[in-house]
Amino acid sequence: MIRPIVHSRIVLQRPAEPAVSADAQLGQDLLDTLAAHADECVGMAANMVGVSKAVIVFHDEARGQDVLMFNPQITRKTGPYEAVEGCLSLPGPYEAVEGCLSLPGQRTVTRYRRITVEYDDEGFCHRTARYEGYIAQIIQHEVDHCAGVLI
């Protein structure tokens, strides 16, 4: 089911609760919602659809598919760099903030070129994976959402 995107900072800044197997439908809803916004969005977290659970999805261009992660945790990160990011849940112009761009819907953030992520897959089997480049950046953005951190 495609869910509406939430723009409330109160909801978006609330740290997520751990996901459990009963949240499997939420994972599918996030995949459906990401697919519906594929022209403007490459990843999303459950709080972007109003649910404070640690669930993220993202499009992995190299594999040509969307990926679902429950309870993702970045356990290693190397190669810091500055990136400019936007967010579907935070459209429109932002006030000027020290260290951030004042472009509509975009801000500068520190990301890492290589990360290791521990997570539960769609069957709630624990996994560990390494990512780099743009996919690593997307995952970091979505994991920040789970922590209630906005760009």
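Predicted model only: the values in this text are computed from it and were never measured.
Atoms OG and CZ, from Ser52 and Arg14 in turn, are 4.5 Å apart once rounded to the nearest 0.5 Å. Once rounded to the nearest 0.5 Å, the distance linking CD1 of Ile151 with SG of Cys87 reads 5.5 Å. Atom SG of Cys125 is separated from atom OH of Tyr119 by 10.5 Å, given to the nearest 0.5 angstrom. The CE atom of Met1 sits 13.0 Å away from the CG atom of Leu31 when rounded to the nearest 0.5 Å.
Linking Ile, Leu, Val, Met, Phe, Trp and Tyr whenever their side-chain heavy atoms come within less than 4.5 Å leaves Phe70 and Val67 in two separate clusters. Residues Ile138 and Val143 are members of one and the same hydrophobic cluster, defined by side-chain heavy-atom contacts under 4.5 angstrom among Ile, Leu, Val, Met, Phe, Trp and Tyr. Leu26 and Ile56 fall into different hydrophobic clusters, where Ile, Leu, Val, Met, Phe, Trp and Tyr side chains are chained together by heavy-atom contacts under 4.5 Å. Both Phe124 and Leu68 are members of a single hydrophobic cluster when ILVMFWY side chains are connected at heavy-atom separations under 4.5 Å.
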ask   = So Val109 and Glu82, side-chain contact (heavy atoms from CB on, under 4.5 Å) or not? Walk me through it.
value = CA-CA 6 Å; Val109 294; Glu82 295 299 310; 5.9 Å; no

Residue pair Asp66, Val57: steps toward the side-chain contact (heavy atoms from CB on, under 4.5 Å) verdict = CA-CA 7 Å; Asp66 294 336; Val57 295; 5.7 Å; no

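Atom CD of Glu61 sits in a sparse spot, with 12 or fewer heavy atoms from other residues, nucleotides or ligands closer than 6.0 Å. Within 6.0 Å of CZ in Arg114 there are more than 12 heavy atoms belonging to other residues, nucleotides or ligands.
Ser8 is linked by a side-chain contact (heavy atoms from CB on, under 4.5 Å) to Val6, Ile10, Val11, counting only residues two or more places apart in sequence or in another chain. Residues satisfying the side-chain contact (heavy atoms from CB on, under 4.5 Å) test with Gln65, not counting sequence neighbours, are Arg63. Looking at residues two or more places apart in sequence or on another chain, you find no side-chain contact (heavy atoms from CB on, under 4.5 Å) involving Gln73. With sequence neighbours excluded, the residues that form a side-chain hydrogen bond (donor to acceptor under 3.5 Å, both in side chains) with Arg127 are Asp121. With sequence neighbours left out, Arg113 forms a side-chain hydrogen bond (donor to acceptor under 3.5 Å, both in side chains) with no residue at all. In terms of the salt bridge (charged side-chain N to carboxylate O under 4.0 Å, His left out) criterion, residue partners of Arg111 (sequence neighbours excluded) are, by chain and number, Glu85, Asp144. Here Thr75 pairs with Thr116, Glu118 under the side-chain contact (heavy atoms from CB on, under 4.5 Å) rule; sequence neighbours left out. Remark: Asp23 engages Lys53 in a salt bridge (charged side-chain N to carboxylate O under 4.0 Å, His left out) (not counting sequence neighbours). In terms of the ring pair (Phe, Tyr, Trp, His ring centres under 6.0 Å) criterion, Tyr134 has no residue partners (sequence neighbours excluded).
Taking 4.5 Å as the limit, some side-chain heavy atom of Ile5 sits within range of a side-chain heavy atom of Thr33. You'll find the side chain of Cys41 reaches within 4.5 Å of the side chain of Leu34, heavy atoms only. At a threshold of 4.5 Å between non-hydrogen side-chain atoms, the residues Glu122 and Gln28 do not count as touching. In this structure the side chain of Met69 never reaches within 4.5 angstrom of the side chain of Asp120, judged on heavy atoms. Counting heavy atoms from C-beta on, the side chains of His141 and His145 come closer than 4.5 Å. The side-chain heavy atoms of Arg9 and Leu150, taken from C-beta on, include a pair separated by under 4.5 Å. Between Ile135 and Ile139 the shortest side-chain heavy-atom distance falls below 4.5 Å. Two residues are said to be in side-chain contact when any heavy atoms from C-beta on lie closer than 4.5 Å; Gln140 and Ile74 meet this criterion.
Of all heavy-atom pairs spanning Ala54 and Ala16, the tightest one is N-CB, 3.5 Å. Nearest heavy atom pair, residue Gly133 against residue Tyr81, reads O-OH, 4.3 Å. Considering all non-hydrogen atoms of both residues, Ala19 and Val55 come closest at CB-CG2, 3.8 Å.
Applying the salt bridge (charged side-chain N to carboxylate O under 4.0 Å, His left out) test to residues at least two apart or on different chains, the pairs with a partner in residues 27-37 are Arg3-Asp29. Applying the ring pair (Phe, Tyr, Trp, His ring centres under 6.0 Å) test to every pair with at least one member in residues 37-63, sequence neighbours left out, gives these pairs: Phe58-Tyr131.
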